[in-house]
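Sequential numbering from 1 along the given sequence is applied to the chain's residues.
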Amino acid sequence: LFRSPPSPAAVPLLGWEVVGRRTHDTSAWTEGLLVDDAGRLWESTGLEGRSEVRELDPATGAILRSAPVPAARYGEGLAMGPDGMLVQLTWKDGIAHRWDPETLTPIGSFGYAGEGWGLCSDGTRFVRSDGTPTLTFHDPATFAVTGSVGVTLDGAPLAMLNELECVDGAVWANVWQTATIVRIDPATGVVTGRMDLTGLLVPDPAASDPGAVLNGIAHLAETGTWLLTGKYWPELIEVRIEGA
C-alpha cells in the first residue's frame with residue numbers, strides 16, 4: 001500500500017506586543033543592529049558614500065558616536081565577535097571591516113567570497129546571509145568558511161534572508177522586503193517560527209517608499225525583549241515575542 005510522506009508540520013506563528021518606542025534616525029539605511037554584552041546598542045548603515053557604524057543610546061535611540069565606512073563601500077550586517085571587536089560586512093566588496101568599539105576606529109579587515117547581507121555571532125562562529133537560502137558559517141578569528149546550511153520554510157528554500165540575530169542557539173532573520181522575521185535552527189536550516197510584523201509601525205513607511213522596509217533585530221538580554229526597526233524608520237520599537 002502506497003503511503004504519501006507526511007507533510008512538514010506547520011511553522012508556528014509567533015505572537016508579539018509592543019512594550020516601548022524610541023526615536024530612530026530617518027536618514028539611516030539600517031543594515032545591522034545589535035546590543036552587546038555591555039548593553040551598548042550598535043547600528044550599521046548602508047549605501048555608498050553614506051555607510052557608517054554607530055553607537056546609539058539604547059534608552060532613547062539617539063546617536064552617541066559614528067564612524068564612516070570608506071566612501072566606495074556599502075555597509076551591511078554587523079556583529080561583535082568573541083574577541084569583543086565589531087565586524088561589519090560590505091555588500092559586494094568582499095570585505096568585512098573590523099572596528100574597535102572603544103574608539104570606533106578601524107583595525108583591519110577580513111576577505112570573503114560572495115555578497116554580504118546579514119551577520120551575527122553565536123559566540124563561537126559568525127553566521128552570514130547573502131540573499132540566498134544559504135547561511136554561511138565563518139571562523140571568528142580568520143573569517144574562513146567553516147560550513148553552511150540551506151534554510152527551508154515548510155520544506156521549501158527560503159531566500160532573501162537579510163539582517164541576522166543569534167540568540168540562544170537560534171538564528172533570527174529579516175526576510176527582505178517583507179514584514180516577516182523567521183527563527184532558524186542553524187543545525188538543520190529549518191524555520192521553527194515566524195512572525196508577521198504587519199502593523200508594527202503605522203503608517204507603514206514602505207507604503208510611500210518601497211525601500212523603507214523592516215530590517216533590524218537586536219535582542220535585549222536583560223529584559224528578554226527585542227528592538228526592531230527598518231530602513232529610514234522614525235522609531236526603534238521594543239517588542240516582546242511570544243515563545244521566543
More than 12 foreign heavy atoms under 6.0 Å from [atom1] of [X]: is that the case here?
X    : atom1 : result
E17  : CD    : yes
E242 : CD    : no
D37  : CG    : no

Distance check, rounded to the nearest 0.5 Å: [X] atom [atom1] versus [Y] atom [atom2]?
X    : Y    : atom1 : atom2 : answer
L220 : L41  : CG    : CG    : 8.0 Å
S51  : W29  : OG    : CH2   : 11.0 Å
M160 : D130 : CE    : CG    : 11.0 Å
N215 : T178 : CG    : OG1   : 10.0 Å
I181 : L14  : CD1   : CG    : 10.0 Å
E76  : T45  : CD    : OG1   : 10.5 Å

Using the rule that two of Ile, Leu, Val, Met, Phe, Trp, Tyr join whenever any of their side-chain heavy atoms come within less than 4.5 Å, decide whether [X] and [Y] are in one cluster.
X    : Y    : value
V191 : L164 : yes
V239 : L227 : no
V213 : L236 : no
V53  : L89  : no
V69  : I95  : no

Quick one, W226 with V167, criterion side-chain contact (heavy atoms from CB on, under 4.5 Å). Give me CA distance, side-chain angles, the key distance, then yes/no.
CA-CA 11 Å; W226 306 69; V167 181; 3.7 Å; yes
Is there a donor-acceptor contact under 3.5 Å from the side chain of [X] to the main chain of [Y]?
X    : Y    : value
T90  : K92  : no
E165 : H219 : yes
R183 : T192 : yes
R128 : G116 : no
S129 : L161 : yes
E163 : I217 : yes
W91  : E115 : no
T229 : E235 : yes

Compare every heavy atom of [Y] with every heavy atom of [X], then report the nearest pair and how far apart it is.
X    : Y    : result
T26  : Y232 : O-CD2, 3.2 Å
M80  : L34  : N-CD2, 4.1 Å
T223 : E238 : OG1-OE2, 3.9 Å
G84  : P101 : O-CG, 3.2 Å
V149 : P186 : CG1-O, 3.7 Å
V127 : C166 : CG2-SG, 4.0 Å

Decide yes or no on side-chain contact (heavy atoms from CB on, under 4.5 Å) for I184 and L158, but give the supporting numbers first.
CA-CA 11 Å; I184 304 162; L158 180 63; 5.9 Å; no
Restricting to side-chain hydrogen bond (donor to acceptor under 3.5 Å, both in side chains), what partner residues turn up for D139, sequence neighbours left out?
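With neighbours one apart ignored, the set is T142.
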Option from V175, D196, N174, L214 for which side chain to side chain contact (heavy atoms under 4.5 Å, CB included) with T180 holds
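The passing option is V175.
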Checking W172 against I241 for the side-chain contact (heavy atoms from CB on, under 4.5 Å) test, could you report, in this order, the C-alpha distance in whole Å, the side-chain angles of both residues, the deciding distance, and whether it holds?
CA-CA 12 Å; W172 297 74; I241 301 174; 4.2 Å; yes
Sub-4.5 Å side-chain heavy-atom contact between [X] and [Y]:
X    : Y    : value
L13  : R194 : yes
Y74  : L47  : yes
D100 : M85  : yes
T60  : R22  : no
F126 : C120 : no
Y112 : T136 : no
L201 : P234 : yes

Using 30° and 60° as the class boundaries, would you call the ring planes of H138 and F143 parallel, tilted or perpendicular?
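Parallel: the ring planes of H138 and F143 meet at under 30°.
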Mind running side-chain contact (heavy atoms from CB on, under 4.5 Å) on L33 and H24 for me, showing each step along the way?
CA-CA 12 Å; L33 196 69; H24 182 245; 5.9 Å; no
Salt bridge (charged side-chain N to carboxylate O under 4.0 Å, His left out) partner of E31, chosen from R54, K231, R50
K231
Electrostatic pair R40-E102, nearest N-O below 4.0 angstrom
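Salt bridge: yes.
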